[in-house]
Amino acid sequence: MKKSNFVIGTAGHVDHGKTTLIKALSGVDTDTTREEKERGLTINLGFTFMTLPDGEEVGIVDVPGHERFVKNMLAGVASIDLVLLVIDVNEGIMPQTIEHSSILRLLGVENYIIVLTKVDDADPELKEIIYEDIQERFRNTPLADAPIVETDAVSGTGIEELKQTIQDKLSHLTEKESDLPPRLNVDRAFSVKGFGTVVTGTLVDGPLSVGDELYAYPYNKKTKIRNIQIHNKDQKQAFPGNRTALNLTNVTVEEMERGTVLSGVPLEDSYMLDVKVECLPESPYALELWDRVHVHVGAAEVLARIVPIDKEKIVQGDSGYLQLRLEEQVHVKKGDHFILRSYSPVYTVGGGTILEEEPEKHKRFNEEVIHTLQVKETGDLAQILLDFLNRRSSALTSKKEMMQYLNVEQQQVDEAIETLTQEHELLVFGHQYMSVQKFNEFKKEILSLLETYHAQYPVRQGMPLEELRSKFKNVSAKELDRLLKQLREDQQIAIEYGRARLYDFTYQLDSKSQMERDAMEQTLKDAKMTPPEKDALTHGDEHLEELFNSMMGSEIFQLDRNVYVHMSVYEAAKHFVVDYINEHGELSLGEFRDAWETSRKYGMAFLEHLDAIGLTKRVGDVRVLKHE
């Protein structure tokens, strides 16, 4: 018997026979509480499974139909693949039938079977009217092409035909696969004696395995999976789409209330959401600025204020962009569906799709914001990714960051990257990426900085790299080096002696300045490892200071804060140390001082510098090469 990842659910008006129908399909009564049995209606979500004619098992969610319990229904349908819209042939389409079908459409459900119940004693003329009403009511909706199956759960009429129709509908669907981190919205939690906390929900992304660690939100607690059950049987793994029960450690039932989110990776708290919303034609309210609403997303319900972004208000039958300002945090991903219900009295007023789960606070009617939301709405991953990269404050972006932002699998990110690369919209830096637009902005900033620097210091050979790095707080040194390398390859800049300059920049000295520069350089050459202090060379003269600084990194090497030696002396002394240690095995401070006819001060400064750059290391009173 094969278990599929498919979950089917029921929807429809109260007392139209959903629970009785499921019992006929599965043999299980999903009205499990005494209150439900006494009142004859489903209050909480009921879960079971059925076996199709080909032997495959599929999960079933029996959701409540009474208006007071619509929020329970919302918790159950978020991950359903196929819905049985149940209509009592003797009563026809009722208010909750309409509301449920609207909610299902807004939640993205596309596959339906319309099930007429209690048909054995139905009046043929009434049945014909019901068919006409269904055709008229669901015209231009996903229900328009749904097959209609007549049943009577008490006598068994149509039950086998319904099972076959379910099998036929599911055979055209692709089972869910996902390499995204697992995510499950908890819709029930209870305690089992001897086992502890058990939660149920449909696995949105996955997979999950026994022993996996998960993060539980909003309490941000770590928990571990002790056991997994699917269709009342122990399993080692659960896959996306599975109706799943998890036995968890380190959490209480109170901490796992409906709306809790379990995730394989840390999630951010979302207090605002950018969304595309549709206001239902049958809604008694338009969506207006600062309206307070109930937001149902996943299995959670929170209150929020609405801020229309592109319109003054969103009227019945219209759609637009909102920013939802939430009163409590949620833990969601872009692409998740949601439902809005009015604050009081409570009616379903609309719903839609989350476009951004961590937005900044937007001003209304901002064209740039509206354009970004339009791009996100298209679902074109390449363009959504490009918009994301263009708006990033950091320079380079990894593939993992792209997957987390888009909430899609690696294959889809790879395809988007390939598209953008072929369209010359994306640059590749090893395993990181940057949009061409962002790189051009960076290039413009770098070239402007260097141009300003050259104008201010015309005799210097360029800006020290450390100074350049300090100008880019959001770019790591490694990232900046990759970007500078690209600019060098593009012949936009040159880097020599630890300084960056414009590629075509050259400095010119008049004859007097050249003589002064040459004189300072010769003095440092002659001084070898007993150099004069900087002030002795420049005498505090601003012009001579500038000439001295122009030689830094090329002709002059700064050994420490106050010691400068000629670059040729520095290189010669470094080679001496390596050769001496290779020949004698070690080098003392005294041996270096005597060989270079210098003082303890300068000898110590030089040897400590070699230790700092990793060429040598001190062992007692001597130096040895670091690689030994």
Side-chain angles (χ1 to χ4, degrees), residues 460-470 472-473 475-482 484-485 495-500 516-541 544-628:
R460 296 187 188 180
Q461 298 182 50
M463 181 185 289
L465 288 176
E466 287 304 314
E467 184 177 346
L468 184 61
R469 291 188 182 106
S470 71
F472 295 88
K473 303 296 185 184
V475 184
S476 69
K478 186 178 290 186
E479 289 178 336
L480 184 64
D481 288 344
R482 288 177 179 172
L484 293 178
K485 180 182 177 184
I495 297 177
E496 296 175 315
Y497 310 118
R499 291 173 174 266
E516 290 169 331
R517 190 179 189 276
D518 291 346
M520 285 191 287
E521 183 181 359
Q522 191 61 49
T523 300
L524 286 171
K525 279 184 179 179
D526 294 341
K528 294 187 178 178
M529 197 53 74
T530 310
E533 292 186 358
K534 180 181 179 182
D535 286 347
L537 292 169
T538 64
H539 310 293
D541 182 273
L544 293 178
E545 289 259 3
E546 197 55 46
L547 291 175
F548 185 90
N549 289 334
S550 73
M551 292 189 283
M552 290 295 299
S554 51
E555 288 83 6
I556 298 176
F557 185 87
Q558 184 173 5
L559 204 55
D560 69 11
R561 192 165 62 90
N562 297 310
V563 179
Y564 302 86
V565 297
H566 194 271
M567 187 65 76
S568 63
V569 175
Y570 171 76
E571 293 294 344
K574 197 160 63 167
H575 285 303
F576 165 80
V577 170
V578 173
D579 293 342
Y580 191 95
I581 295 177
N582 281 332
E583 183 177 350
H584 299 93
E586 60 186 35
L587 171 70
S588 68
L589 173 59
E591 289 166 335
F592 178 81
R593 182 189 61 203
D594 293 343
W596 280 84
E597 299 178 349
T598 186
S599 68
R600 177 181 179 84
K601 170 187 172 182
Y602 295 121
M604 181 66 76
F606 185 74
L607 293 180
E608 287 182 347
H609 164 75
L610 295 187
D611 294 343
I613 65 173
L615 182 64
T616 60
K617 65 178 179 179
R618 182 173 177 174
V619 180
D621 292 329
V622 299
R623 259 73 181 182
V624 297
L625 295 180
K626 186 72 175 285
H627 59 74
E628 291 185 346

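Residues: numbered from 1 along the sequence shown.
Salt bridge status for E479 with R482: absent, with no side-chain N to carboxylate O gap under 4.0 Å. Checked for salt-bridge contact, R618 and E608 miss the test: no charged N lies under 4.0 Å from a carboxylate O.
Interatomic distance, NZ of K528 versus OG1 of T598, reported as 11.5 Å (0.5 Å rounding). Between atom CE of residue M551 and atom CD of residue E521 there is a gap of 6.0 Å, rounded to the nearest 0.5 Å. Distance CZ/R460 to CG/N549: 4.5 Å, rounded to 0.5 Å. Taking CG from L625 and NZ from K617, the interatomic distance works out to 10.0 Å, rounded to the nearest 0.5 Å. Atoms CG and CZ, from D611 and R623 in turn, are 4.0 Å apart once rounded to the nearest 0.5 Å. The OG1 atom of T530 sits 11.5 Å away from atom CZ of R593, with the distance rounded to the nearest 0.5 Å.
Ring-plane geometry between H609 and F557 is classed as perpendicular, the angle between the planes exceeding 60 degrees on a 0 to 90 degree scale with a lower cut at 30.
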Applying side-chain hydrogen bond (donor to acceptor under 3.5 Å, both in side chains) to Q522 and D526, what does each step give before you reach the verdict? CA-CA 6 Å; Q522 191 61 49; D526 294 341; 3.0 Å; yes
List the steps, then state whether side chain to side chain contact (heavy atoms under 4.5 Å, CB included) holds for E533 with N562. CA-CA 7 Å; E533 292 186 358; N562 297 310; 6.0 Å; no
Any chance you could lay out the side chain to side chain contact (heavy atoms under 4.5 Å, CB included) test for E591 and H584, step after step, and finish with the verdict? CA-CA 11 Å; E591 289 166 335; H584 299 93; over 6 Å; no
Could you check F606 against V577 for side chain to side chain contact (heavy atoms under 4.5 Å, CB included), going step by step and ending with a plain yes or no? CA-CA 10 Å; F606 185 74; V577 170; 4.0 Å; yes
Determine, stepwise, if the pair M567 / L524 fulfils side chain to side chain contact (heavy atoms under 4.5 Å, CB included). CA-CA 9 Å; M567 187 65 76; L524 286 171; over 6 Å; no
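Scanning both residues, V563 and P531, for their nearest heavy atoms gives CG1-CG, 4.2 Å. Closest of all the heavy-atom pairs between L587 and F592 is CD1-N, 3.8 Å. For the residue pair A500 and L468, the shortest heavy atom distance occurs at CB-CD2, 4.0 Å. Smallest separation of non-hydrogen atoms from Y602 and M529: CB-O, 3.4 Å. The minimum heavy-atom distance between I495 and L465, with the atom names listed, is CG2-CD1, 4.0 Å.
Residues that satisfy the ring pair (Phe, Tyr, Trp, His ring centres under 6.0 Å) test with F472, not counting sequence neighbours, are F442.
Judged by distance alone, with hydrogens and angles left aside, the side-chain atoms of R499 form a donor-acceptor pair with the main-chain N or O of M552 at under 3.5 Å. No donor-acceptor distance shorter than 3.5 angstrom exists from the side chain of E467 to the backbone of P464, with no hydrogens or angles considered. Although no hydrogens or angles enter the test, the distance criterion places a donor-acceptor pair under 3.5 Å between the side chain of Q461 and the main chain of S550. With hydrogens and angles disregarded, no donor-acceptor distance shorter than 3.5 Å links the side chain of Y564 to the backbone of K534. Judged by distance alone, with hydrogens and angles left aside, the side-chain atoms of H566 form a donor-acceptor pair with the main-chain N or O of S568 at under 3.5 Å.
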